[in-house]
Amino acid sequence: MQTVLITGASSGIGKATVTLLAASGYNLVICGRNTDALSALQQLYPGNISHILQFDISKKDEVFSSIQSLGDLRIDILINNAGNAHGLATFDQADITDLEAMIDINVKGLIYVSKAVLPLMIPYGSGHIVNISSIAGKQVYLNGTTYCASKFAVEALTQGMRIDLLPHNIKVTGIAPGAVATNFSLVRFKGDQSRADAVYEGYTPLSAEDVANTILFAIRQPEHVQIADLTVLPSVQASAVHISRKV
Ligand code: 8X3
């Protein structure tokens, strides 16, 4: 049974991926901040979730000590899923703490987790890292400058890791979803439900399960096949800002 370590596991794309991968026969190490939600998930799939790790991805020491508690457990697949957006405003108007949070979580957090997990992958001679990016990592849009910058960084990290980890036989996949109906927008708009709902009005967005399916597709390719880069959009979305809505 292959072991998958996934961040941001307690909700959204992470939770849907845990559910799908558990049902598909993987063993999971599920990571997040919300222990109650992680424990509830483990109770649903006790045979497929061997470990729960509670840490704040933006806190370097927490990330390293938590992952080091796994000892020499082999991690076959790392899914760097945790990430979010804080605010939607022009660069001059944006709150500096929001901008820092996005860099700390989406970029530095991904670096911390990857650096902490690699010693559980490299000695075993193979591995696979899946980085969840965004359409915002492909195109910059109005009001999204620093969120987009954080996801452009994820794209660069994905490309660079693929080069640097080649001698270690580690595949690296980037998955860039467009609009996905999760609590992403609720977090971005700080709990403003009507503003969050408006993001997904008048069309069918992707579900968290749609993205989980894409992740499963990428990780269950034969050993000699590396999915480098996938952008996944709702059928009516053509770019970060072009969505055909029926209103
Ligand atoms: C989330 C998608 O378009 O809001 O990463 O940036 S978008």
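Order of listing sets the numbers, starting from 1, for every ligand and every atom in it. Only this structure's heavy atoms are used, side chains among them; waters, hydrogens and symmetry mates stay out.
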Can you list the atoms of ligand 1 that are under 4.0 Å from a heavy atom of [X]?
X: Ser134; value: 1 (C), 2 (C), 5 (O), 6 (O)
X: Arg188; value: 4 (O)
X: Ala136; value: 6 (O)
X: Ile135; value: 3 (O)

task: Name the closest protein heavy atom to atom 7 (S) of ligand 1, giving the residue it belongs to and the distance to 0.1 Å.
output: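 Looking only at protein heavy atoms, the one closest to atom 7 (S) of ligand 1 is Tyr141 OH, 3.5 Å.
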field: Backbone or side-chain N or O of Gln237 under 3.5 Å from ligand 1 N or O
entry: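 It does not: no N or O of Gln237 is found under 3.5 Å from an N or O of ligand 1.
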- request: Please say whether more than 12 non-hydrogen atoms of neighbouring residues, nucleotides or ligands are located less than 6.0 Å from NZ in Lys115.
  value: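 Not buried by this count: 12 neighbours or fewer within 6.0 Å.
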Heavy atoms from other residues, nucleotides or ligands near OH of Tyr124 exceed 12 (cutoff 6.0 Å):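 Yes.
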- request: Indicate, as side chain, backbone, both or neither, the part of Lys151 found under 4.0 angstrom from ligand 1 when only non-hydrogen atoms are considered.
  value: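 Looking at Lys151 and ligand 1, no heavy atom falls under 4.0 Å.
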message: Looking at Arg245 and Glu201, is there a salt bridge between them, counting it only when a charged N and a carboxylate O are closer than 4.0 Å?
response: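 Judged by the 4.0 Å cut-off on N to carboxylate O distance, Glu201 and Arg245 do not form a salt bridge.
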field: NZ/NE/NH1/NH2 to OD/OE distance under 4.0 Å, Asp192 and Arg195
entry: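 Salt bridge: no.
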message: Looking at every non-hydrogen atom in both residues, tell me the closest pair between Thr146 and Met102 and how far apart they are.
response: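 Smallest heavy-atom distance, with atoms named: CB-CE, 4.3 Å.
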message: Taking the ring of Tyr147 and the ring of Phe91, is the distance between their centroids below 6.0 Å?
response: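 Ring centroids of Phe91 and Tyr147 are no less than 6.0 Å from each other.
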